[in-house]
Each structure stands twice: as structure tokens, then as C-alpha cells.
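One structure is given here, and the rest of the page talks about it.
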Amino acid sequence: MPELPEVETVRTILKSQIVGKTIKDVLIRYGKIIKNVTEQNFVTLLRNERLIDIGRKGKYLIFIFENVIMLSHLRMEGKYLLKSAEPYSKHEHIVFFFSDGIELRYHDTRKFGTMYLFETADPVRIMQLTPLNRVGLEPFDELLTPEYVTSRISKLNRSIKSLLLDQTIISGLGNIYADEVLFLSKIHPATNVKILSKENIKVLIENSRAVLSKAIAYGGTTVRSFKASDEVSGRFQNFLLVHTKDKCPVCNQVISKIRLSGRGTYFCENCQKRLDITNTP
DNA sequence: AGTTTGACCCGGACGC
DNA sequence: TGCGTCCGGGTCAAAC
């Protein structure tokens, strides 16, 4: 389940391995991954393109070629593998053949991942197009201040959990990390954002940074050395405090699980007191 | 008209 | 073993 730290790990490793390579051909084994162009155009436009750089915005990987830009979102279980002429496994859906014989394979058990291809090589322009234009500030962005967040949420009537999951305001926190941030902040996930103090917001931002940087550091240390067939994906489950846990690591009380914004939400009723009664959970 | 919710995509895991 | 249900990130349509 890649979240922002895992995506950043994948970006770093892929960048060191495949920037400079030229695509010879593309094989599409499952086409619904590709969202904004036909399979035919996807292949044609990528053929003979040399990879210049790999960037990232939120959880989107940005593959910058000489004439086109490809976006890739890993969603739940997407991952990239580097192989050469081995039999395809069941869940390898898109294969990029480089001119040196190396193959970049997109593997996705759930088939939830998405790819977009744009006929521009301008990294600035791509930020103005859907879906990247919907990606909000990352927690590490210095522009993400308590004042900014407060201004964005002043008229909203929703739970803090749903706000943390809303990528258009703060990008990078997924369901798991949102629970962790709220636990560290001692804030009940159903708390209405309207009644949060500026100090609450400040603490939430600080803990978002703490959780993500810890995960980035952790993901970076656990990714296996990246050889031909190694998979590129981070591991982060091991340091979780509340998500999918049975007992609170602080007070040992049983962890509660509820549904909020359609997502499984774990929290400690003892450590995360409700500040209000939210009317729209 | 802007904000919020819910269906959808998919297959592994799990329960009966 | 088999079948039904659950789960989830982001998008889009529907509902508020």
C-alpha cells in the first residue's frame, strides 16, 4: 500500500536505475490502467522516447521524457520491477522495453493503479493539468502553515479525518497515516474541522511531517538493493501505533474501529477525546 | 453553486 | 471447498 513515502522511495530508486534509457516498445497486458489516451496512442507516443527525469507530486510519479510526460499512480498495490526477458507473472500489466534489453514492468494485484500520458514535456504545464492540478500542498511544503490550512477549512463542515484524506488540501497522507497523525495529535478522527484551534492545526501539521519523515527514512532503509528482479516498494507497517492495532501503545486500552468517510478508522477513545459531536461523520 | 457523499474499479483475505 | 462480503485511493456523478 504505497503512500507518499513509498512513492518517494520508488522515485529515487527508479531514477537512479532508468533515467537516460530509451523506450523501444510498450506492451499493454491490461489496458484499464491507462486513463486519458487509447492504448494505441500510449504505445505510439512512448516509442523511441528517452527518459529525462522522474519527479513526483503527491503520490503521482512523473516520468519526464523528451516529448511526452507520463504520470503513474500506484494506488493500493502498484509497484515497478526491472527485469529482462523473463516470463510474465500474472499481475504484470504494462511492460516498457528499453533499447538496452532491460524491461520496466508495472505490477498491480488490484489493478487500481492509473497512468496518464500527455503530449508535452513541460514540467510546469503538466502541473496545471488534471490530475496534478488537484494535488494540494505536501506537509513538507513551507507554504503549508496553520494560517493557510485555517483559511482553507474555515467554511468546511466535515471531520478532520476526511480533511486529512482530501488530497486537494494536504497531499500525501493516506488512510493509514491519517490515523497515525490523529493518534499522535491526540485528536478524535470525527472532530469537526470547524472547532479545531490554530494550535490543533499546528500540531496536526507537525505530526504529519513527523509521520511522513519517519516513514521515508524507514522506507529508505528497508528497500532491498535494487538489482534486476528486485521489487521497488517500501515497508512501513512495522512502526504503526494505532492503525490495525488491537491495544493502545500508550494506555493499553482497546483500540476502536469505526467507519469514517468510507474508510476504516482506528483510534484510542481514551487518548483521543472528542472535542465535539460531529454532525457529518 | 458550492460542498459532501457514495459508487466504482479489482482480487486477496477472511468468515461461514 | 465454495461462496459471499469486505477493503481501499482517487475520480466522478449524485445528493445535499
Side-chain angles (χ1 to χ4, degrees), chain A residues 1-8 10 28-37 39 56-62 70-79 88-94 106-118 126-127 129-139 149 151-182 189-194 208 211-212 215 231 233-234 236-237 240 242-246 255-266 278-281:
Chain A
M1 238 181 275
E3 302 208 40
L4 189 146
E6 291 74 35
V7 178
E8 177 59 18
V10 171
I28 299 172
R29 306 181 71 231
Y30 179 80
K32 288 188 178 182
I33 303 280
I34 299 158
K35 293 303 174 184
N36 70 327
V37 293
E39 295 183 27
R56 180 185 60 77
K57 187 177 185 189
K59 301 177 197 171
Y60 285 93
L61 289 166
I62 307 171
M70 185 183 86
L71 305 181
S72 170
H73 195 296
L74 305 176
R75 290 290 183 91
M76 318 297 298
E77 303 189 9
K79 56 194 66 166
Y88 298 119
S89 75
K90 184 179 176 184
H91 300 297
E92 291 173 355
H93 304 307
I94 313 278
Y106 178 70
H107 180 289
D108 191 343
T109 312
R110 285 286 185 280
K111 298 178 176 168
F112 268 26
T114 55
M115 292 184 189
Y116 296 78
L117 191 64
F118 296 96
I126 208 72
M127 294 297 174
L129 301 174
T130 303
L132 293 189
N133 62 358
R134 298 209 183 95
V135 178
L137 295 177
E138 290 186 7
V149 174
S151 73
R152 287 292 304 269
I153 68 177
S154 61
K155 293 172 186 171
L156 299 182
N157 179 33
R158 53 201 287 201
S159 68
I160 181 58
K161 168 84 184 248
S162 85
L163 186 91
L164 293 179
L165 291 177
D166 186 341
Q167 304 295 306
T168 68
I169 296 173
I170 303 173
S171 66
L173 291 175
N175 192 43
I176 294 169
Y177 291 163
D179 282 357
E180 295 297 306
V181 168
L182 288 165
T191 305
N192 193 303
V193 295
K194 279 194 292 198
S208 296
V211 166
L212 288 179
E231 81 176 36
S233 73
F236 59 93
Q237 298 88 329
L240 297 181
V242 63
H243 193 87
T244 69
K245 296 297 180 182
D246 295 324
I255 293 293
S256 301
K257 183 181 182 185
I258 58 173
R259 256 187 114 67
L260 213 46
S261 299
R263 298 289 179 256
T265 300
Y266 296 81
T278 309
N279 51 23
T280 54

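Naming convention: chains lettered A, B, ... in sequence-line order (proteins, then strands); numbering from 1 in each chain.
- Whole-Å rounding puts the A:L173 CG to C:dG9 C1' distance at 13 Å.
- Following rounding to the nearest Å, A:N133 (CG) and C:dT11 (P) show an atom-to-atom distance of 9 Å.
- In summary, A:K161 and A:D179 engage in a salt bridge, as defined by a charged side-chain N under 4.0 Å from a carboxylate O.
- Rounding to whole angstrom units, CZ of residue A:R158 and P of B:dG6 are separated by 13 Å.
- In this entry the distance linking NE2 of A:H91 with P of B:dG11 reads 8 Å, nearest Å.
- Closest contact between the side chain of A:L156 and the listed nucleotides B:dG12, B:dT4, C:dC7 involves B:dT4.
- A donor-acceptor distance shorter than 3.5 angstrom exists from the side chain of A:Q167 to the backbone of A:L173, with no hydrogens or angles considered.
- Looking at the side chain of A:K59, the nearest of the listed nucleotides C:dT11, B:dC10, C:dG10 is C:dG10.
- For the pair A:I169 CD1 and B:dG2 C1', the interatomic distance rounds to 13 Å; values are reported in whole Å.
- Taking side-chain N and O atoms only, A:K111 has a distance below 4.0 Å to OP1 or OP2 of B:dG11.
- The nearest heavy atom of DNA chain C to A:F112 and to A:Y60 marks one nucleotide each, and the one closer to the 5' end goes with A:F112.
- Ranked by how close their nearest DNA chain C nucleotide is to the 5' end, A:L132 and A:K257 are led by A:K257.
- Residue-level contact check: A:K32 touches the backbone only, with heavy atoms under 4.0 Å from sugar-phosphate atoms and none from bases.
- At the phosphate of C:dT11, neither OP1 nor OP2 sits under 4.0 Å from any side-chain N or O atom of A:R75.
- When each of A:S162 and A:R263 is assigned the nucleotide of DNA chain B bearing its nearest heavy atom, the one mapping closer to the 5' terminus is A:S162.
- A side-chain donor-acceptor contact under 3.5 Å links A:E138 to the backbone of A:G58.
- Closest to the side chain of A:T109, from the set C:dC7, C:dT11, B:dG12, is B:dG12.
- If you measure from atom NE2 of A:H73 to atom P of B:dC9, you get 19 Å, rounded to the nearest angstrom.
- Across all strands shown, A:L165 has no heavy atoms under 4.0 Å from either base or sugar-phosphate atoms.
- Evaluation of atom-type donor-acceptor distances gives a pair under 3.5 Å for the side chain of A:R110 against the base of B:dG11.
- Distance A:K57 NZ to C:dG9 C1': 17 Å, rounded to the nearest Å.
- The minimum heavy-atom distance linking A:K90 with A:R29 is given by the pair O-NH1, 4.4 Å.
- Distance CG (A:N192) to C1' (B:dT3): 13 Å, rounded to an integer number of Å.
- For the residue pair A:Y266/A:K257, the side-chain donor-acceptor check at 3.5 Å is satisfied.
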